[in-house]
Amino acid sequence: MNLGQLKKLRTGAFMTGLLVSAISISACQQQQEPEPSLEEDISSEQSVPMSAEPADPNDTVIATDDASLTEVEDDTVATVNTGVMQMIYLCSPELKVEATYKDDDNQVVIGTDMGTVTLTRTNEGTNPEVFEVKNAIDGGEGFTQWRVAHKERETGVMRTAGTDESNVDTYECKTNK
């Protein structure tokens, strides 16, 4: 390489460096952004800076005076199941019976792992109370009878049969206290 070519190469490298520097400097300069128009404000989401402070204070207001009955009678609906009682019995042969007594309807709903059935009270006596339905405990043909004794319904006897009513299954049950 001779000295003339070396000078041309150095001049070319210098000019290239100047051009790259000029482009870099112009790219880093801040340019003023155009003002957004009303349509852009409406269509774009506005970022709102968040703070760690709550927007509204968390002051708890406690009303010390109770509202009168006439003030709340239209707003308040109360349902009380006074005639419903649920009990769990453990029976022999082994069976768990969940009984829900609906005294107002004279019914009991008996639930077991064999099925669930609703029985209707058939007598006026209180000891024993007798409930019956013309279905087997699994909901098929047959019958189910539930007799419960004592004032607290502490013991019960369930009799159930399928279509062959001569083959009756009998369970002696006691409450699970």
Side-chain angles (χ1 to χ4, degrees), residues 38-177:
L38 182 60
E39 291 90 22
E40 290 174 356
D41 277 348
I42 293 171
S43 65
S44 67
E45 281 189 34
Q46 299 293 322
S47 64
V48 178
M50 300 291 287
S51 73
E53 297 295 321
D56 295 326
N58 289 338
D59 294 336
T60 304
V61 178
I62 299 174
T64 56
D65 54 319
D66 289 338
S68 69
L69 177 62
T70 55
E71 292 174 352
V72 296
E73 67 184 352
D74 293 335
D75 298 352
T76 307
V77 176
T79 305
V80 179
N81 293 327
T82 56
V84 176
M85 179 174 47
Q86 293 181 323
M87 299 181 79
I88 297 176
Y89 296 87
L90 298 178
C91 305
S92 174
E94 188 174 334
L95 181 68
K96 180 179 175 183
V97 173
E98 295 177 12
T100 304
Y101 295 95
K102 298 178 181 180
D103 292 330
D104 293 342
D105 297 332
N106 288 324
Q107 292 181 333
V108 63
V109 178
I110 300 291
T112 68
D113 59 350
M114 297 183 294
T116 302
V117 67
T118 301
L119 297 93
T120 304
R121 189 169 175 176
T122 59
N123 70 338
E124 293 298 322
T126 57
N127 196 9
E129 295 175 85
V130 180
F131 299 88
E132 292 183 356
V133 69
K134 301 244 184 262
N135 291 349
I137 194 76
D138 63 2
E141 286 186 43
F143 77 91
T144 303
Q145 183 183 70
W146 175 251
R147 292 175 179 255
V148 64
H150 305 293
K151 185 176 181 181
E152 299 296 320
R153 296 176 171 156
E154 295 173 6
T155 61
V157 175
M158 183 171 64
R159 298 177 66 230
T160 185
T163 54
D164 181 12
E165 292 189 10
S166 65
N167 185 12
V168 177
D169 293 322
T170 303
Y171 299 90
E172 293 182 22
C173 306
K174 292 185 180 186
T175 57
N176 183 23
K177 290 186 179 182

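Side chains included, hydrogens not; waters and symmetry mates left out as well; all remaining heavy atoms used. The structure displayed is predicted, hence computed values, not measured ones.
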Trainee: Compare all side-chain heavy atoms of Glu132 with those of Phe143 and state whether any distance is below 4.5 angstrom.
Mentor: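 Side-chain contact under 4.5 Å: no.
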Trainee: Testing the basics here: between Arg153 and Met85, what is the closest heavy-atom pair and its distance to 0.1 Å?
Mentor: NH1-CE, 3.0 Å
Trainee: Shortest non-hydrogen contact from Met114 to Tyr171?
Mentor: CE-OH, 3.9 Å
Trainee: Is the shortest side-chain heavy-atom distance between Val168 and Gln145 below 4.5 Å?
Mentor: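 The answer is no, as the side chains (C-beta and beyond) never meet within the 4.5 Å cut-off.
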Trainee: Please determine whether the number of non-hydrogen atoms from other residues, nucleotides or ligands lying under 6.0 Å from atom CZ of Arg147 exceeds 12.
Mentor: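 No, because the 6.0 Å sphere around CZ of Arg147 holds 12 heavy atoms or fewer from other groups.
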Trainee: Side chains of Thr155 and His150, heavy atoms from C-beta outward: is any pair under 4.5 Å?
Mentor: yes
Trainee: Which heavy atom in Val108 sits nearest to a heavy atom in Phe131, and how many Å separate them?
Mentor: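 Taking Val108 first and Phe131 second, the nearest heavy atoms are CG1-CG, 3.5 Å.
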Trainee: Got a second to check how far Thr170's OG1 is from Arg159's CZ, nearest 0.5 Å?
Mentor: 5.5 Å
Trainee: Output the distance between atom CE (Met158) and atom OG1 (Thr112), rounded to the nearest 0.5 Å.
Mentor: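 Rounded to the nearest 0.5 Å, the CE-OG1 separation comes out at 5.5 Å.
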Trainee: Distance check, rounded to the nearest 0.5 Å: Thr160 atom OG1 versus Trp146 atom CH2?
Mentor: 12.0 Å
Trainee: Quick one: pull up OG1 in Thr100 and CD in Glu98 and give me the separation to the nearest 0.5 Å.
Mentor: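 So the gap between those two atoms works out to 7.5 Å.
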Trainee: Search all heavy atoms of Cys173 against all heavy atoms of Tyr89 and return the closest pair with its distance.
Mentor: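 Taking every non-hydrogen atom into account, CB-CB, 3.8 Å.
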Trainee: Quick one: does Val133's side chain get under 4.5 Å of Thr118's, heavy atoms only?
Mentor: no
Trainee: If you compare all heavy atoms of Cys91 against all heavy atoms of Val97, which two are closest, and at what distance to 0.1 Å?
Mentor: SG-CG2, 3.5 Å
Trainee: Measure the shortest side-chain to side-chain distance between Ile110 and Thr144 over non-hydrogen atoms and say whether it is less than 4.5 angstrom.
Mentor: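 Ile110 vs Thr144: side chains apart.
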Trainee: Any non-hydrogen side-chain atom of Leu95 less than 4.5 Å from a side-chain atom of Asp113?
Mentor: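 The answer is yes, as the side chains (C-beta and beyond) meet within the 4.5 Å cut-off.
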Trainee: Would you compute the distance between atom NZ of Lys96 and atom CG of Leu90 and round it to the nearest 0.5 angstrom?
Mentor: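 With rounding to 0.5 Å, NZ (Lys96) is 7.5 Å from CG (Leu90).
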Trainee: Using every non-hydrogen atom in the two residues, find where Ala136 and Gly162 come nearest and quote the distance to one decimal.
Mentor: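 Where Ala136 meets Gly162 most closely, the heavy atoms are CB-CA, 4.3 Å.
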Trainee: Give me the one residue out of Arg121, Glu129, Glu124 that meets side chain to side chain contact (heavy atoms under 4.5 Å, CB included) with Asn106.
Mentor: Arg121
